[in-house]
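Data block below; observations after.
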Amino acid sequence: MELLFEAAGWAGAAAILGAFLSVSMGWLKAGRAFQTANLLGACAFIINGAFHEAWPSVVANIAWFLISAVALIRLRSVRRMPGVPDPTGPLPIVKAFVESGTRDNSDS
């Protein structure tokens, strides 16, 4: 049985690190596949951490799981509403702020 808990920990590490590597290298967009890998990896880490009574790790991975779950729910709701921007991209408010911050050199 201990082997099952250890395998869960290694599978969780592979899922989370693989997702992070794929997004960081530009091979994958931070969308459904990325969030699913994070969600499953966090579940595996929770199982492994609970077995080893590593409670700080369990709590951190519960938060990781919840973040991924909320992101997946947001992605699912966006699919139902056409014309809504991709929630995984830059926030429009940040884009507007950056664009308004550009200076017009004509008055210098």
Side-chain angles (χ1 to χ4, degrees):
M1 194 65 161
E2 183 176 343
L3 182 62
L4 181 64
F5 294 113
E6 293 303 317
W10 286 107
I16 289 174
L17 290 174
F20 182 64
L21 175 68
S22 297
V23 168
S24 297
M25 295 295 114
W27 304 331
L28 182 68
K29 186 177 177 188
R32 177 169 275 123
F34 173 74
Q35 296 300 343
T36 300
N38 276 297
L39 185 119
L40 295 175
C43 285
F45 273 153
I46 291 167
I47 291 166
N48 181 272
F51 175 75
H52 289 289
E53 297 181 1
W55 304 119
S57 177
V58 170
V59 170
N61 281 289
I62 288 171
W64 197 282
F65 171 88
L66 292 173
I67 292 166
S68 296
V70 168
L72 282 168
I73 291 167
R74 286 181 62 203
L75 286 169
R76 187 173 181 200
S77 66
V78 168
R79 283 189 147 223
R80 291 189 208 140
M81 299 185 310
V84 174
D86 181 2
T88 61
L91 295 173
I93 213 161
V94 172
K95 183 178 176 187
F97 180 74
V98 170
E99 288 173 358
S100 70
T102 58
R103 289 182 27 178
D104 181 12
N105 292 332
S106 63
D107 59 343
S108 314

Taking all atoms of both residues into account, what is the closest heavy-atom pair of Leu75 and Gln35, and its distance?
CD1-CG, 4.3 Å

Any donor-acceptor pair under 3.5 Å from Asn61 side chain to Ser57 backbone
yes

I want to check something: taking the side chain as every heavy atom from C-beta on, are Asn48 and Glu6 in contact at a cut-off of under 4.5 Å?
yes

Considering all heavy atoms, the nearest Arg32-Arg76 contact:
NH2-CA, 3.8 Å

Could you tell me the separation between the CZ atom of Phe51 and the CD atom of Glu2, rounded to the nearest 0.5 Å?
4.5 Å

Closest contact, heavy atoms only, Ala8 versus Ile47
CB-CG2, 4.3 Å

Once you round to the nearest 0.5 Å, how far does CH2 of Trp64 lie from CD1 of Ile46?
12.0 Å

Minimum heavy-atom distance Gly41-Ala15, with the two atoms named
CA-CB, 4.0 Å

From Leu28 atom CG to Phe20 atom CZ, the distance as rounded to the nearest 0.5 Å:
12.5 Å

Rounded to the nearest 0.5 Å, what separation is found between the CH2 atom of Trp10 and the CG atom of Leu3?
13.0 Å

Straight-line distance of Leu40 CG to Phe45 CZ, nearest 0.5 Å
12.5 Å

Working to the nearest 0.5 angstrom, can you tell me the gap between Leu17 CG and Asn38 CG?
10.0 Å

Group every Ile, Leu, Val, Met, Phe, Trp and Tyr by side-chain heavy-atom contacts under 4.5 Å, then state whether Leu72 and Ile62 land in the same group.
yes

Quick check: closest heavy atoms across Ala19 and Ala37, and the distance to 0.1 Å?
CB-CB, 3.7 Å

